[in-house]
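To keep things clear, I will list the structure first and then write my remarks on it.
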Amino acid sequence: MPFSVAELLMNVCAELENSMPESILLPLSLPWSHANTTRKTQKWPVKTVLNVLINQLNRITQSQVLKA
């Protein structure tokens with residue numbers, strides 16, 4: 001089942017940060033990093049990150065099944 005890894009990671013990050021999903025263009029990543037010093041240093045327990053990742057993968061799977 002194909003899916004976008006970039007979209008998956010964007011949604012995982014948004015859920016962890018309790019924010020809206022956002023993407024950053026590669027040429028703008030360095031200025032973004034300098035402007036978002038607190039965001040780039042946030043840390044979560046591995047269990048939390050894996051749970052969010054699994055939940056997002058489940059959402060993708062469910063939406064793919066509903067489309068079929």
Side-chain angles (χ1 to χ4, degrees):
M1 172 174 44
F3 66 93
S4 168
V5 172
E7 186 176 338
L8 170 67
L9 294 176
M10 179 176 62
N11 289 330
V12 167
C13 291
E15 188 172 335
L16 288 169
E17 292 185 327
N18 197 26
S19 65
M20 296 297 296
E22 64 180 323
S23 60
I24 300 151
L25 298 173
L26 187 57
L28 301 176
S29 62
L30 192 54
W32 181 92
S33 179
H34 291 301
N36 291 278
T37 55
T38 56
R39 286 179 72 189
K40 70 178 184 180
T41 60
Q42 291 178 324
K43 296 180 181 182
W44 293 273
V46 171
K47 187 175 180 179
T48 301
V49 175
L50 290 176
N51 282 333
V52 170
L53 179 65
I54 290 167
N55 288 338
Q56 289 294 328
L57 285 169
N58 283 333
R59 287 184 190 138
I60 291 169
T61 303
Q62 300 246 335
S63 69
Q64 294 286 340
V65 168
L66 292 175
K67 288 180 185 177

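Computation of the quantities below employed the complete heavy-atom set of this structure, encompassing side-chain atoms and omitting hydrogens, waters and symmetry-equivalent molecules. In what follows, residues are counted from 1 in the order of the sequence shown.
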Thr37 (side chain) donor-acceptor with His34 (main chain) under 3.5 angstrom
no
Is there a path from Leu16 to Leu53 through hydrophobic residues (I, L, V, M, F, W, Y) whose side chains come within less than 4.5 Å of each other?
yes
Residues Arg59, Glu7: salt bridge by 4.0 Å N-O rule:
no
Interatomic distance, Ser4 atom OG to Met10 atom CE [nearest 0.5 angstrom]:
7.5 Å
Does one hydrophobic cluster hold both Trp32 and Val12, with members joined at side-chain heavy-atom distances below 4.5 Å?
no
On a heavy-atom basis, the closest approach of Pro21 and Asn11 is CG-OD1, 3.4 Å
Leu8 CG to Gln56 CD distance, which is reported to the nearest 0.5 Å
6.5 Å
In the structure I gave you, are the side-chain heavy atoms of Gln42 and Glu17 within less than 4.5 Å of one another anywhere?
yes
Is there a path from Ile54 to Val52 through hydrophobic residues (I, L, V, M, F, W, Y) whose side chains come within less than 4.5 Å of each other?
no
Measure the spacing between NZ of Lys43 and OG1 of Thr48 and express it to the nearest 0.5 Å.
14.5 Å
Main chain of Leu57, side chain of Thr61: is a donor-acceptor contact present, judged purely on distance under 3.5 Å?
yes
Once you round to the nearest 0.5 Å, how far does CD1 of Ile60 lie from CG of Asn55?
11.5 Å
Within-4.5 Å side-chain heavy-atom neighbours: Leu25 and Leu28
yes
Among the clusters formed by ILVMFWY side chains lying less than 4.5 Å apart, do Ile24 and Val5 turn up in the same one?
no
Neighbour count >12 (heavy atoms, 6.0 Å) for atom NZ, Lys40:
yes
